[in-house]
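Every value quoted in this text rests on a predicted model; they were computed, and no experiment measured them.
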Amino acid sequence: MTSTLSPQPVERTQPERPGEVARRRTRVLALPEARWAAAATVLFLLALPLQLTGAPAWTWGPLYALSYVTGGWEPGWEGLKALKDRTLDVDLLMVVAALGAASIGQVMDGALLIVIFATSGALEALATARTADSVRGLLDLAPATATRLSPDGGEQTVAVEELTVGDIVLVRPGERVGADGRVLDGASEVDQATITGEPLPVPKERGDEVFAGTLNGTGALRVRVERDASDSVIARIVRMVQEASETKAPTQLFIEKVEQRYSLGMVAATLAVFLVPLAFGAQLTDALLRAMTFMIVASPCAVVLATMPPLLSAIANAGRHGVLVKSAVVMERLGQVDAVALDKTGTLTEGSPRVTDVRPLPGSGMDEKDLLTLAAAAERPSEHPLARAVTDAARERGLGLPDARDFTSAPGVGVTAVVGGRMVAVGAPARLLDAGDGTAAEPDAADGTALRREQFGRTAAELEESGRTAVLVVVDGAPAGLLGVADRLRPDAVATVASLARITGSAPVLLTGDNPRAAARLAAEAGIDDVRAGLLPQDKLDAVREMEGTGRKVLVVGDGVNDAPALAAAHTGLAMGRAGSDLALETADAVVVRDELAAVPATVALSRRARRLVVQNLVIAGVFIAGLVVWDLAGDLPLPLGVAGHEGSTVLVGLNGLRLLSEGAWQRAATAGSSS
């Protein structure tokens, strides 16, 4: 019952508030699969207490019958259509098994099987619909309109679909870029996290490329359109997710891979058990009873339950610990992975910039506390992510911030303010020194400023070589010190990387859109050697396909829109939930809701244990079925005893699978990766 994502026409809707992406989510009961499953479940829950309390059969029998019809007609119909194509699939097999249980008086067992099967199909249909919702909603990242500039300088608001290559558009402060293009004039900082995953806004000036859907900062930009709307990076991401979802090989549970042979064999054997004795003169009633007994003891109920309880128990246990695994198929696939590709920003790291270094320059007369206090006071009125990082660092150290006055902000350069009677400027080193506004004017070399500039250059180079963003603090026109800002590794990142390497037998790969120096620094801290940086969504997708082309089963862990194509194409995709984009959360096969990276190797280990239990259960079910079948064919197996043996094996494998519900099962999985 595996579904794939099908492209659907996109209708744009405007966000309710600026910068907010409209969500259009399919309602659960809008899906026919969900409505039929809900009806079957309600009818079953009404019938069960009546039967258990000893009510007459006429009170609960019709309710069970309606549960069979509402929950089983659709998979039964699909199974019949498959049968028309000479395929006997699990849909029809489950319906036949349920009807077979009902025919020997096990009405409740058959109804329960129907309800479980219908609910599973409804959940799968919902997951597919929600993925399609997010793919369609992705286009809302790009604005519906743009301001096109005419040759005479006039402005015209047009739909982005009307923009053609060569048009000039104006992107005002706070607006989203309407089309992929190149900056002709202006300077600003653009938040490209949706495309590249970079945690900090990227300075943009003449000649730099910008992408549709990215968010402009405080400066105005004139941009020449270089791609049609249908060929923008955002549009290509949509197509990549759709194509990856459609071409991803249909997934099957282990038992489904052998269902054809088993089903055909069981049907053929049942007919033989009925017809052969008749041919040799047996009584019709005796032959029918033997064939019915054979069908019951050989039916796949125990085999089906051999597979599902361990996987469903693992899903429930993972859910209690903050990991949402979307289906039993996904839980099985998690245990097959032998390679891992990790995103950086928001996955391996916390996803927000933090001050990592405070470096006063010798001769400035300041210590770390003084330098950070002045910088944070000047930055406090700003809404830039770097400003928040500086002010957060000051608050974490318990520093009191004096009031700032005469605050100004220059896009792409930095901020200036008067703090305690001193002129303070904070911003990008090269641009701040070249701003030409007098803030960093060259004083007399006799006051030691020239030496400080030399020291500043060495310190800035050291910070940038280590992958940090250098922020210069200028006080009264002279460099006073530097702040190093960087995204920080999650506390459990190093242990998680080591655990994944032990579980899968190969070291994880880092795939990121961030710059190579920052990526290399974080990878070295995390213990990752294979680093691929500066990647756009297509590049990440290509990297995953390259890995899978060598026969690897790749687990991709990410959180952004730019990770969605890779998540869709990978053997298994897992999204970090707290800061994850809607598209990543819906495209991924599993979601770490609590944002605990250590839960990733624990879930993989739990899946592997579930797969081992599935094998154990299949052996148990096979032994029972073989023994009962031989007894029925070679001897005289009473029908009640056959039913008891069949139901006993079903209960046994079910209880064995439920072992994964225990807290100890999760603890053992959590320590599996950390054991040497």
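With sequence neighbours excluded, the residues forming a side chain to side chain contact (heavy atoms under 4.5 Å, CB included) with Pro402 are Thr373, Ala377, Val419, listed by chain and number. A search for side chain to side chain contact (heavy atoms under 4.5 Å, CB included) contacts involving Val494 returns Leu489, not counting sequence neighbours. Residues passing the side chain to side chain contact (heavy atoms under 4.5 Å, CB included) test with Asn317 are Arg320, His321, Leu606, Ala665, Trp666, sequence neighbours excluded. For Arg517, there are no side chain to side chain donor-acceptor pair (under 3.5 Å) partners at least two apart in sequence or on another chain. Residues satisfying the salt bridge (charged side-chain N to carboxylate O under 4.0 Å, His left out) criterion with Arg422, sequence neighbours excluded, are Asp476. When the side chain to side chain contact (heavy atoms under 4.5 Å, CB included) test is applied to Ala394, the partners found at least two apart in sequence or on another chain are Leu372, Ala376, Leu399, Leu401.
Side-chain N or O atoms of Arg176 include none that pairs as donor or acceptor with a backbone N or O of Thr214 at under 3.5 Å. In this structure, Thr671 contributes its side chain and Arg668 its backbone to a donor-acceptor pair below 3.5 Å. Looking only at distances, a side-chain donor or acceptor of Lys204 sits under 3.5 Å from a matching main-chain atom of Glu209. Listed for the Thr504 side chain is a donor-acceptor partner under 3.5 Å among the backbone atoms of Leu500. The backbone N or O of Gly484 lies less than 3.5 Å from a partner atom in the side chain of Thr356, making a donor-acceptor pair.
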Derivation and outcome, side chain to side chain contact (heavy atoms under 4.5 Å, CB included), residues Arg224 and Val169:
CA-CA 6 Å; Arg224 182 178 61 241; Val169 296; over 6 Å; no
Please lay out, stage by stage, how Val415 and Phe407 fare under the test side chain to side chain contact (heavy atoms under 4.5 Å, CB included).
CA-CA 7 Å; Val415 304; Phe407 172 84; 3.6 Å; yes
Candidate pair Arg354 and Glu396, rule salt bridge (charged side-chain N to carboxylate O under 4.0 Å, His left out), full reasoning
CA-CA 11 Å; Arg354 300 291 186 95; Glu396 289 171 3; 3.7 Å; yes
Worked verdict on Val604 versus Leu555 for side chain to side chain contact (heavy atoms under 4.5 Å, CB included):
CA-CA 10 Å; Val604 173; Leu555 168 65; 4.0 Å; yes
Assess the residue pair Leu597 and Met576 against the criterion (side chain to side chain contact (heavy atoms under 4.5 Å, CB included)); give the C-alpha distance rounded to whole Å, side-chain angles, the decisive distance to 0.1 Å, and a yes or no.
CA-CA 8 Å; Leu597 193 59; Met576 304 302 292; 4.1 Å; yes
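Here Leu574 contributes atom CG and Leu334 contributes atom CG; the two are 6.5 Å apart, rounded to the nearest 0.5 Å. Here the CG atom belonging to Leu535 is positioned 9.5 Å from the CG atom belonging to Asp542, to the nearest 0.5 angstrom. In this structure, CE in Met331 is found 11.5 Å from CG in Asp589, a value given to the nearest 0.5 Å. The CZ atom of Arg227 sits 6.5 Å away from the CZ atom of Phe211 when rounded to the nearest 0.5 Å. In this structure, Thr459 OG1 and Leu472 CG are separated by 10.5 Å, a value rounded to the nearest 0.5 Å. Considering CZ of Arg397 and CD of Glu368, their distance stands at 5.5 Å, rounded to 0.5 Å.
Residues Ile168 and Val223 are not in side-chain contact: their nearest non-hydrogen atoms beyond the backbone lie 4.5 Å or more apart. Contact of the Asp487 side chain with the Pro353 side chain is not registered, since no non-hydrogen atoms from C-beta on lie closer than 4.5 Å. Annotation: side chain of Val474 is not in contact with side chain of Val424 (no heavy-atom distance under 4.5 Å). Leu371 places none of its side-chain heavy atoms less than 4.5 Å from the side chain of Leu482. No side-chain heavy atom of Asp530 sits under 4.5 Å from any side-chain heavy atom of Leu510. Looking only at side-chain heavy atoms (C-beta outward), Val471 and Val355 stay at 4.5 Å or farther from each other. Taking the side chain as every heavy atom from C-beta outward, Asp180 and Glu226 never approach each other to under 4.5 Å. Under the 4.5 Å side-chain criterion, counting only non-hydrogen atoms from C-beta, Met366 is in contact with Leu374.
Of the options Val544, Val337, Asp563, Thr572, a side-chain contact (heavy atoms from CB on, under 4.5 Å) to Val556 is made by Val544 and by none of the others.
Summarising the geometry of Ala605 relative to Ile503, their closest heavy-atom pair is CB-CD1, 4.2 Å, with the distance given to 0.1 Å. Listed here is the closest heavy atom pair of Arg206 and Leu184: NH1-O, 2.6 Å. Closest heavy-atom contact between Ile528 and Val531: O-CG2, 4.1 Å. Contact record, Asp539 with Gly534: OD2-O, 4.3 Å, taken as the closest heavy-atom pair. Closest of all the heavy-atom pairs between Val554 and Met547 is CG2-CB, 3.8 Å. Closest heavy-atom contact between Asp343 and Thr345: OD2-O, 2.9 Å.
At a threshold of 4.0 Å, the pair Glu155-Arg172 counts as salt-bridged, since one of the basic side-chain nitrogens sits closer than that to a carboxylate oxygen. Using a cutoff of 4.0 Å between basic side-chain nitrogens and carboxylate oxygens, Glu350 and Arg490 are not scored as salt-bridged. Residues Asp357 and Arg359 are paired through a salt bridge, judged by an N-O separation under 4.0 Å between the basic side chain and the carboxylate.
In this model, a donor atom of one side chain and an acceptor atom of the other lie less than 3.5 Å apart for Ser188 and Asn216. A side-chain N or O of Thr408 and one of Thr416 form a donor-acceptor pair less than 3.5 Å apart.
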